[in-house]
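Below: the structure, in structure tokens.
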Amino acid sequence: MKITVIAVGKIKEKYYRDALTEYAKRLSRYCKLEIVEVEDEKTPDRASEAEEDQIREKEAERVLKYVKDNAYVITLEIMGRMIDSEEFAEKIEKLGVQGASHIQFIIGGSLGLHGKVCRRANMAVSFSKMTFPHQLMRVILLEQIYRGYRIICGEPYHK
């Protein structure tokens with residue numbers, strides 16, 4: 001299975017990059033992982049709702065260039081469906097059994113995702129009602145994908 005994470009913005013902090021490198025290494029025995037970073041837009045202080053929507057739309061155009069027609073797309077959204085790690089693993093496993101060979105996860109920028117991206121998604125997932133920095137979400141997502149594969153393979157994992 002190929003898994004692509006499409007994320008808005010670059011990871012600036014070394015500790016996040018180190019964590020991503022570690023999870024990419026761990027995941028290499030389970031899947032082919034690709035991480036695509038698209039440029040984020042600068043958000044002016046006290047931006048209007050219209051300005052924020054324009055920013056989300058520009059970021060959406062960049063994201064959608066990488067979305068494949070045959071991929072199963074999962075967006076990370078605060079208003080998405082909350083599932084536990086076992087359900088997450090089950091979803092990945094079922095997709096593979098059903099013949100999906102490519103899952104693409106999309107993480108928006110600091111303003112979230114534009115409706116264009118959300119409408120393309122096959123599934124929207126929320127990891128929490130809390131808001132996390134989008135750089136940290138990338139690490140959390142890779143950890144959950146890794147945990148999911150450990151569950152699928154019947155290997156030990158921390159509960």
Side-chain angles (χ1 to χ4, degrees), residues 1-13 15-24 26-27 30-43 52-96 98 100-152 157-158:
M1 166 110 30
K2 180 175 182 182
I3 293 186
T4 302
V5 176
I6 304 171
V8 175
K10 296 223 178 288
I11 299 289
K12 297 171 187 82
E13 295 84 357
Y15 51 90
Y16 287 145
R17 288 195 311 268
D18 290 346
L20 291 169
T21 299
E22 177 62 26
Y23 281 111
R26 291 181 187 191
L27 279 166
Y30 301 105
C31 65
K32 182 178 181 339
L33 177 68
E34 175 186 33
I35 297 177
V36 176
E37 292 180 334
V38 300
E39 185 182 351
D40 58 345
E41 287 291 313
K42 301 292 179 247
T43 305
E52 288 184 356
D53 194 56
Q54 284 179 329
I55 290 167
R56 280 189 293 269
E57 187 165 16
K58 285 180 184 176
E59 292 173 347
E61 289 168 12
R62 292 180 190 135
V63 165
L64 290 170
K65 285 181 186 175
Y66 291 95
V67 174
K68 303 297 183 201
D69 290 339
N70 63 343
Y72 189 91
V73 176
I74 301 174
T75 51
L76 274 57
E77 303 178 44
I78 290 175
M79 301 307 293
R81 183 168 160 242
M82 292 183 98
I83 57 176
D84 62 24
S85 296
E86 286 81 7
E87 288 175 277
F88 188 73
E90 187 179 310
K91 183 65 178 178
I92 291 171
E93 184 175 32
K94 277 185 180 176
L95 286 169
Q98 293 168 350
S101 61
H102 193 183
I103 302 172
Q104 291 187 302
F105 291 92
I106 301 176
I107 302 172
S110 58
L111 297 176
L113 293 168
H114 190 272
K116 289 179 181 180
V117 176
C118 299
R119 286 188 293 276
R120 170 54 184 91
N122 299 97
M123 180 179 189
V125 172
S126 173
F127 279 39
S128 173
K129 290 184 183 215
M130 294 178 162
T131 303
F132 295 104
H134 53 281
Q135 297 95 335
L136 178 58
M137 263 325 295
R138 220 179 294 184
V139 176
I140 294 170
L141 174 61
L142 289 190
E143 189 281 333
Q144 285 299 302
I145 294 169
Y146 173 69
R147 182 180 298 265
Y149 275 109
R150 301 277 299 181
I151 292 168
I152 291 165
Y157 70 96
H158 295 290

Heavy-atom check, side chain of [X] versus side chain of [Y], under 4.5 Å:
{"X": "I3", "Y": "L27", "result": "no"}
{"X": "F127", "Y": "I140", "result": "yes"}
{"X": "L20", "Y": "V139", "result": "yes"}
{"X": "K58", "Y": "H114", "result": "no"}
{"X": "K65", "Y": "V67", "result": "no"}
{"X": "I145", "Y": "F105", "result": "yes"}

Exercise. What closest approach, in Å, do K116 and L64 show between heavy atoms, and which atom pair accounts for it?
Worked result: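 What the structure gives for the nearest pair is CB-CD1, 4.0 Å.
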Problem set entry | Smallest separation among heavy atoms of L113 and L76, with atom names |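 Answer, listing the atom of L113 first, then L76: CD1-O, 3.9 Å.
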Backbone of [Y] reached by a side-chain donor or acceptor of [X] within 3.5 Å:
{"X": "Q104", "Y": "Y66", "result": "yes"}
{"X": "Q144", "Y": "L141", "result": "no"}
{"X": "R62", "Y": "E39", "result": "yes"}
{"X": "E143", "Y": "Y23", "result": "no"}
{"X": "E59", "Y": "G108", "result": "no"}

Problem set entry | Pairing of R26 and E22 as salt bridge, 4.0 angstrom limit |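 Result for this pair is yes, salt bridge flagged.
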Exercise. E52 and T43: side-chain donor and acceptor closer than 3.5 Å?
Worked result: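 E52 vs T43: no donor-acceptor pair found between side chains.
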With rounding to the nearest 0.5 angstrom, report the [atom1] to [atom2] distance, [X] to [Y].
{"X": "R138", "Y": "I11", "atom1": "CZ", "atom2": "CD1", "result": "3.5 Å"}
{"X": "I74", "Y": "R81", "atom1": "CD1", "atom2": "CZ", "result": "10.5 Å"}
{"X": "E41", "Y": "E57", "atom1": "CD", "atom2": "CD", "result": "11.0 Å"}
{"X": "Y149", "Y": "M1", "atom1": "OH", "atom2": "CE", "result": "5.0 Å"}
{"X": "R147", "Y": "D84", "atom1": "CZ", "atom2": "CG", "result": "11.0 Å"}
{"X": "Y72", "Y": "M123", "atom1": "OH", "atom2": "CE", "result": "5.5 Å"}

For this session: From the options K10, R17, K12, select the one residue that forms a salt bridge (Lys or Arg N to Asp or Glu O under 4.0 Å) with E37.
Result: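 The passing option is K10.
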Problem set entry | Pair listing, side-chain hydrogen bond (donor to acceptor under 3.5 Å, both in side chains) test, anchored in residues 124-135, at least two apart |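 Residue pairs with at least one partner in residues 124-135: there are none.
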Exercise. Can you tell me if CE on M82 sees more than 12 non-hydrogen neighbours from other groups inside 6.0 Å?
Worked result: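 Enclosed.
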For this session: Determine, step by step, whether T4 and K68 satisfy the side chain to side chain contact (heavy atoms under 4.5 Å, CB included) criterion, reporting the C-alpha distance in whole Å, the side-chain angles of both residues, the deciding distance to 0.1 Å, and the verdict.
Result: CA-CA 10 Å; T4 302; K68 303 297 183 201; over 6 Å; no
Problem set entry | Residue pair L142, Y146: steps toward the side chain to side chain contact (heavy atoms under 4.5 Å, CB included) verdict | CA-CA 6 Å; L142 289 190; Y146 173 69; over 6 Å; no
